[in-house]
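Just below is one structure, and these are the notes that go with it.
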Amino acid sequence: MANVAVVIVNYNSGAFLKQCLFSLRQSTIPLEIVVVDNGSSDGSTDFMNKASDCQLISNLRNLGFAVAVNQGVQSTTAEDILLINPDCIVQPHS
C-alpha cells in the first residue's frame with residue numbers, strides 16, 4: 001500500500017497525460033496513481049485500459065476540476081495526496 005496518492009484530473013490531454021504517467025512510474029517512492037477523466041473526447045485515456053498500476057475514473061461529461069479532484073481523493077486511502085496536472089513531468093527523486 002502506497003502512502004502517497006497522485007490524483008490527476010484529465011480533459012483532452014492525451015500526449016501530456018501519457019508523459020506524466022511515464023514520469024510517475026520512474027519514481028522511487030511507491031505511488032498510488034488515480035486519473036479522473038472529465039469526459040475527454042480525444043481518446044486520451046485509451047492507453048490506460050492496459051495499465052494495471054493506475055486507477056481510472058471516467059466521467060461521462062466534464063464535471064469540473066473540483067468535483068474530479070474530490071472523486072480522486074475519495075477513491076484512495078493514502079496518507080498524503082499529490083494533485084498534479086497532466087502536463088507535469090515528475091523527476092525520479094521528487
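Just the heavy atoms: all of them, side chains too, but no hydrogens, waters or symmetry mates, feed the values below.
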- Message: Measuring only between side-chain heavy atoms, which start at C-beta, is Cys88 closer than 4.5 Å to Gln19?
- Response: no
Quiz item: Can you tell me if Ser13 and Asp87 form a side-chain donor-acceptor pair at under 3.5 Å?
Solution: no
Does the side chain of Cys20 come within less than 4.5 Å of Ile8's, by heavy atoms? yes
From CA spacing to verdict: side-chain contact (heavy atoms from CB on, under 4.5 Å), Asn10, Val36: CA-CA 6 Å; Asn10 180 65; Val36 182; over 6 Å; no
Min side-chain heavy-atom separation Glu32-Asp53 under 4.5 Å: no
Checklist entry - Ser40 side chain to Asn12 main-chain N or O, any donor-acceptor pair under 3.5 Å? => result yes
key: Under 3.5 Å donor-acceptor, Thr76 side chain and Val73 backbone   = no
(message) Quick one, Asp37 and Asn59 - any side-chain contact, counting heavy atoms below 4.5 Å?
(response) no
*asked:* Working note: Asp42 + Tyr11, criterion side-chain contact (heavy atoms from CB on, under 4.5 Å); need CA distance, chi angles, decisive distance, verdict.
replied: CA-CA 9 Å; Asp42 68 344; Tyr11 181 70; over 6 Å; no
| task | Please tell me if the side chains of Val35 and Val9 come closer than 4.5 Å, counting only heavy atoms from C-beta onward. | result | no
Fill in: In one Ile/Leu/Val/Met/Phe/Trp/Tyr side-chain cluster, 4.5 Å: Ile29, Ile84
yes
Would you call Ser23 and Gln91 a side-chain contact if the rule is heavy atoms closer than 4.5 Å?
no
